[in-house]
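Since the structure comes first, as structure tokens, the remarks are kept for the end.
First listed ligand is number 1; within each ligand, the first listed atom is number 1.
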Amino acid sequence: MTVRDRLVVVGAGAVGSAIAWAAARERVAGEVVLVDPDPGSGASRVAGGMLAPISEAWPGEREVLELGAASLARWPAFAEAVAQDAGRPVGLRREGTVQVALDAADVADLDRVAEHLRAWGREVERLSGRAVRRLEPALGPAVRAGLAVPDDLAVDNRALLAALSDAGRARGVVVERRRVERVVDDGVRVTGVELDDGVLEADRVVVAAGAWSAALHPVLAERVRPVKGEILRVRARRTSLPPPSRTVRAAVSGRPVYAVPRDGGRLVVGATQYEAGFDPDVLVGGVRDLVADVERVLPGIADYALEETAASFRPGTDDNLPLLGAVGPAGLVAATGHGRNGMLLVAVTVDAVAAVLRGEALPDEARPAAADRSAAARP
Ligand code: GLY
């Protein structure tokens, strides 16, 4: 017999964990079960953690950008609510971002980004190479120009995952360390999720399994694909030049690179991007490119300790918008396909999915990302 009003959330990355926490906090279900064989081990663990809607959107992706901006506006309140329930901070960093340019083409890109930012009413300051180096002395002599973007924030992804786990526990979320094979339905509504040894019955199921979501139900098949990314985690040593205090972004030989500060003199350097299926290996060539590119921007990094290399899979969609809300059989809700922007979009996703779980329509700002948008409506 089905437990009355059980909500199963599949996937304990940042998005799934945040939805489970919010659902339990708002009591939108009698029981909230978060199912993941290894919570916090996917793309959320490998993320850079930039909360940067404009610099992460491709030019022309207005809806991606608007959704990101809506989410950034929600982030401080989201961070505070999670921290309060968790009894620990989520690692929100407010030092801002500098985007830097190394050659003439990069400078032209920088000016385009500045134009976008200003058109969006965002604070932005165009700086000479010397001025941006004054701001961040770790920047090297190859940097010719910069853009200070004080309200593009960042979050420590692992601090966020730990806080979400504690916040969910505090609100009574039940965690099942199991693999979900697929969502099951009776042709009209969902009835549960199939595990390796049977079915966990549920009245509603949220699929928040990132790049792995497409295999969980036919309505999601081919709508989410893995986009592999590799990162480095490095630490300034006692003898090293201090790391930047702001997030630093650049394009080197056309390849985007970023360094996002963490506590303890650490930086997350990312990220490669490949369409390589679920290839889990960190490639030597990927590490070589990241090291070469970041060293052009932050030359002192050669003396840092290389603490970790990691790879994971961004959940990509055809139009770079996530899939949010009801889709397919009654009771099935998608919260996946966040691409490069999972950390940024978690705040707007939580609010949108919570509204749907309360029985309301998807909020206006999330409508372009409606999971049931038709293929015809997609570019
Ligand atoms: N948002 C950073 C990345 O996907 O690499």
Side-chain angles (χ1 to χ4, degrees), residues 13-15 18 41-59 61 64-65 67-69 71-72 75 91-93 96-100 113 149 151-161 210-213 224-234 244 246-252 254-262 266-276 278-280 282-283 285-287 289-291 293-294 297 308-322 336-349 369:
V15 168
S41 65
S44 298
R45 183 170 172 76
V46 175
M50 287 173 295
L51 308 179
I54 295 194
S55 26
E56 277 292 58
W58 298 107
E61 286 183 339
V64 178
L65 217 136
L67 191 65
S71 203
L72 182 63
W75 244 98
L92 184 64
R93 296 187 69 105
T97 296
V98 290
Q99 183 144 359
V100 300
V113 172
V149 190
D151 45 0
D152 266 6
L153 310 181
V155 66
D156 179 333
N157 55 323
R158 295 183 183 178
L160 175 66
L161 285 168
W212 294 269
S213 300
V224 186
R225 67 182 197 287
V227 181
K228 180 177 171 181
E230 295 154 316
I231 54 128
L232 317 174
R233 293 177 74 101
V234 301
R246 296 166 181 78
T247 297
V248 174
R249 306 178 55 101
V252 179
R255 283 193 300 254
V257 66
Y258 52 78
V260 192
R262 296 287 192 266
R266 293 182 166 83
L267 293 172
V268 177
V269 177
T272 57
Q273 182 157 321
Y274 323 86
E275 301 277 349
F278 284 105
D279 167 11
V282 175
L283 300 185
V287 174
D289 289 348
L290 288 173
V291 169
D293 294 348
V294 75
V297 183
E308 184 183 332
T309 62
S312 195
F313 307 100
R314 307 172 182 92
T317 61
D318 287 350
D319 57 8
N320 291 337
L321 280 163
T336 185
H338 293 79
R340 295 178 64 92
N341 295 312
M343 290 290 142
L344 169 64
L345 295 179
V346 66
V348 75
T349 297

| Is the backbone N or O of S44 less than 3.5 Å from a side-chain atom of N157, with the two atoms forming a donor-acceptor pair by type? | yes

| said: Closer than 3.5 angstrom, by distance alone: can the side chain of R45 be matched with the main-chain N or O of R158 as a donor-acceptor pair? | reply: no

| said: Please report whether ligand 1 has a polar contact with R314, defined as an N or O pair separated by less than 3.5 Å (distance criterion only). | reply: yes

| note | Note: ligand 1 atoms sitting under 4.0 Å from heavy atoms of A271 are 5 (O)

| request: Report, in ascending order of atom number, the atoms of ligand 1 lying under 4.0 Å from any heavy atom of R340. | output: 1 (N), 2 (C), 3 (C), 4 (O), 5 (O)

| If you look at every heavy atom in R93 and P261, which pair is closest and at what distance? | CD-O, 3.3 Å

| Which atoms form the tightest heavy-atom contact between G48 and V268, and what is the distance? | CA-CG1, 4.0 Å

| Looking only at heavy atoms, is any part of M50 under 4.0 Å from ligand 1, and if so is it the side chain, the backbone, or both, or is it neither? | side chain

